[in-house]
Asks: 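I have a structure I would like to understand better, so I am pasting it below and will then ask my questions one at a time.
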Amino acid sequence: MELRSPGLSMEAREGVPALPGEGDEYESLPEGVSPLTHMTAGAVAGVLEHTVMYPVDSVKTRMQSLQPDPNAQYRGVMEALRRMIRSEGLLTPLRGINVTMLGAGPAHALYFACYEKMKTTIGGMINHVGNSHVANGVAGSLATVLHDAVMNPAEVVKQRMQMYNSPYRSMLHCIRTVSRTEGVGAFYRSYSTQLFMNIPFQAIHFIMYEFTQEQLNPQRQYHPGSHIVSGAIAGAVAAAATTPLDVCKTLLNTQENMALSSVNISGHLSGMANAIRTVYQLGGMAGYFKGVQARVIYQMPSTAIAWSVYEFFKYFLSKNNH
């Protein structure tokens with residue numbers, strides 16, 4: 001991958017001052033830089049992505065409930081946040097954030113390092129000069145397999161702690177209880193569904209990000225505004241398109257007792273096909289889009305934050321290496 005010489009931005013050339021660093025050209029990190037650099041940038045971006053908008057993620061989990069408690073039925077994201085804080089306490093929207101932070105760091109470190117490596121490798125294999133949507137999509141899908149292997153157990157614990165009237169006092173209490181009552185396999189019960197959702201999510205996400213960058217930032221300069229806008233658009237489109245699978249994943253993770261008993265399911269629900277069928281039984285077609293508003297509201301700024309932080313670290317580390 002080539003590091004180009006820094007140059008004046010288009011704004012600076014036209015006499016309009018550019019933001020600090022904006023317009024300095026780079027394609028990616030220079031050859032020979034350790035994957036640890038990508039992993040460091042990815043880990044920081046991942047933790048920020050998952051934590052800054054975490055309260056909205058808590059709302060999304062509750063809004064995807066198929067048989068919610070009457071006290072946990074919400075008309076919108078802001079109303080949900082207000083009621084959660086007023087009736088359950090100020091820190092309720094942050095329940096489970098600690099396990100999310102523990103999982104997001106290593107998961108995103110592997111995610112971005114794998115993406116950067118595979119994007120270049122696959123692009124070379126198909127002899128594609130410049131940006132390749134095929135390489136971006138395949139690389140994003142492969143990176144997802146590693147990411148979800150690390151993140152899936154954290155997602156199970158997080159979503160169980162986010163639910164209304166959660167019986168778990170803490171992260172460790174949840175881990176011990178689930179392990180004892182359902183077995184260690186419970187932490188990967190939704191893994192296949194997670195992959196089935198996240199592979200198209202990340203393929204759409206990376207393709208949309210790279211496509212939007214081509215339109216807004218064709219010279220691939222360091223341009224914070226374009227990274228934020230591209231990330232937000234990519235996150236919104238990918239989130240809306242994959243909401244039905246996210247609803248199924250939430251059902252598998254939470255094993256919502258009221259919902260399962262209402263369709264005479266005893267024990268634990270497992271398997272993507274069973275989850276898809278159960279969601280339809282309980283909510284019809286509309287059931288697949290429960291929480292879509294909260295999911296998009298959460299994903300847009302989260303993805304914008306992740307890409308802007310990641311691209312900043314790439315720029316900063318590239319300049320130091322240069």
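The structure displayed is predicted, hence computed values, not measured ones.
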Asks: Kindly state each residue pair satisfying salt bridge (charged side-chain N to carboxylate O under 4.0 Å, His left out) with at least one member in residues 91-103, sequence neighbours excluded.
Replies: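 Every pair satisfying salt bridge (charged side-chain N to carboxylate O under 4.0 Å, His left out) with a residue in residues 91-103: there are none.
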Asks: Distance-only, no hydrogens or angles: does the Q213 side chain make a donor-acceptor pair with backbone N or O of S230 under 3.5 Å?
Replies: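 It does not hold such a pair.
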Asks: Judged by atom type as modelled, is there a donor-acceptor pair below 3.5 Å linking the side chain of T177 to the main-chain atoms of C174?
Replies: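 Pair absent, no side-chain N/O of T177 close to backbone of C174.
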Asks: Could you tell me which non-hydrogen atom of A104 sits nearest to which non-hydrogen atom of H50, and how far apart they are?
Replies: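 What the structure gives for the nearest pair is CB-CD2, 3.7 Å.
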Asks: Which residue pairs satisfy the salt bridge (charged side-chain N to carboxylate O under 4.0 Å, His left out) criterion with at least one member in residues 162-179, sequence neighbours excluded?
Replies: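 For residues 162-179, and leaving out neighbouring residues, there are no salt bridge (charged side-chain N to carboxylate O under 4.0 Å, His left out) pairs at all.
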Asks: Does either side chain, that of Q299 or that of T303, offer a donor lying less than 3.5 Å from an acceptor on the other one?
Replies: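 The criterion, which ignores hydrogens and geometry beyond distance, is satisfied for T303 and Q299.
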Asks: Taking Y111's backbone N and O only, do any of them form a donor-acceptor pair with H108's side chain (distance below 3.5 Å, no angle check)?
Replies: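 Side chain of H108 to backbone of Y111: no pair is present.
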Asks: Check whether more than 12 heavy atoms from other residues, nucleotides or ligands sit under 6.0 Å from atom OH of Y168, and answer yes or no.
Replies: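 Yes, OH of Y168 has more than 12 neighbouring heavy atoms, counting only those of other groups under 6.0 Å.
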Asks: Quick one: does Y164's side chain get under 4.5 Å of D69's, heavy atoms only?
Replies: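 The answer is yes; the side chains approach within 4.5 Å.
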Asks: Regarding N253 and Q194, is there a side-chain donor-to-acceptor distance under 3.5 Å anywhere?
Replies: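 No, no side-chain donor-acceptor contact under 3.5 Å.
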Asks: Is E79 paired with R82 through a side-chain N to carboxylate O contact shorter than 4.0 Å?
Replies: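 Looking at R82 and E79, the cut-off is not met.
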Asks: Scan the side chains in residues 275-284 for donor-acceptor partners under 3.5 Å anywhere in the protein, sequence neighbours excluded, and list what turns up.
Replies:
from : atom 1 : to   : atom 2 : distance (Å)
R277 : NH2    : N274 : OD1    : 2.3
T278 : OG1    : N274 : O      : 2.7

Asks: Give every residue pair that meets the salt bridge (charged side-chain N to carboxylate O under 4.0 Å, His left out) criterion with at least one member in residues 282-293, sequence neighbours excluded.
Replies: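 Every candidate salt bridge (charged side-chain N to carboxylate O under 4.0 Å, His left out) pair involving residues 282-293 fails, so no pair, neighbours aside, qualifies.
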Asks: Would M163 end up clustered with V156 when hydrophobic side chains under 4.5 Å apart are linked, directly or stepwise?
Replies: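 In one cluster with M163: V156, no.
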Asks: Taking NZ, NE, NH1 and NH2 as the nitrogens, is one of them in K60 or D246 under 4.0 Å from a carboxylate oxygen of the other?
Replies: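 Looking at K60 and D246, the cut-off is met.
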Asks: For Q159 and T254, which I'm curious about, is there any donor-acceptor pair between the side chains at under 3.5 Å?
Replies: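 No pair is found: no donor N or O on one side chain lies under 3.5 Å from an acceptor on the other.
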Asks: Does T61 offer a backbone N or O that forms a donor-acceptor pair with the side chain of S65 under 3.5 Å?
Replies: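 Looks like no, no N/O pair under 3.5 Å.
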Asks: Would you mind writing out the side-chain donor-acceptor pairs for residues 139-150 within the sub-3.5 Å range, not counting sequence neighbours?
Replies:
from : atom 1 : to   : atom 2 : distance (Å)
S141 : OG     : G137 : O      : 2.9
T144 : OG1    : G140 : O      : 2.7
D148 : OD1    : N198 : ND2    : 3.0
D148 : OD2    : N198 : ND2    : 3.0

Asks: Just grab all the salt bridge (charged side-chain N to carboxylate O under 4.0 Å, His left out) pairs involving residues 178-197, residues at least two apart or on different chains.
Replies: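 Pairs touching residues 178-197 that pass the test: R160-E182, E182-R189.
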Asks: Taking L36's backbone N and O only, do any of them form a donor-acceptor pair with T40's side chain (distance below 3.5 Å, no angle check)?
Replies: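 Answer holds: yes.
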Asks: Between F206 and Y115, how do the two ring planes meet: parallel, tilted or perpendicular, split at 30° and 60°?
Replies: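 F206 vs Y115 ring planes: parallel.
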Asks: Between N217 and Y222, is there a donor-acceptor pair closer than 3.5 Å when you use the side chain of the first and the backbone of the second?
Replies: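 Not a single qualifying donor-acceptor pair exists.
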Asks: Are any non-hydrogen side-chain atoms of Y54 and T100 less than 4.5 angstrom apart?
Replies: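 SC-SC contact between Y54 and T100 confirmed.
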Asks: State whether the side chain of Q255 and the backbone N or O of L252 hold a donor-acceptor pair below 3.5 Å, judged by distance alone.
Replies: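 Yes, the answer is positive, given that a donor and an acceptor are paired below the 3.5 Å cut-off.
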Asks: Is it the case that the side chains of E49 and S302 hold a donor-acceptor pair, with the cut-off being a distance below 3.5 Å and no angle test?
Replies: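 No, E49 and S302 have no side-chain donor paired with an acceptor closer than 3.5 Å.
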Asks: Quick one about Y74 and R83 (side-chain donor to acceptor, distance below 3.5 Å, no hydrogens or angles considered), yes or no?
Replies: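 No donor-acceptor contact under 3.5 Å links the two side chains.
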Asks: Donor-acceptor check, side chain of S190 to backbone of T193, threshold 3.5 angstrom: yes or no?
Replies: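 Absent.
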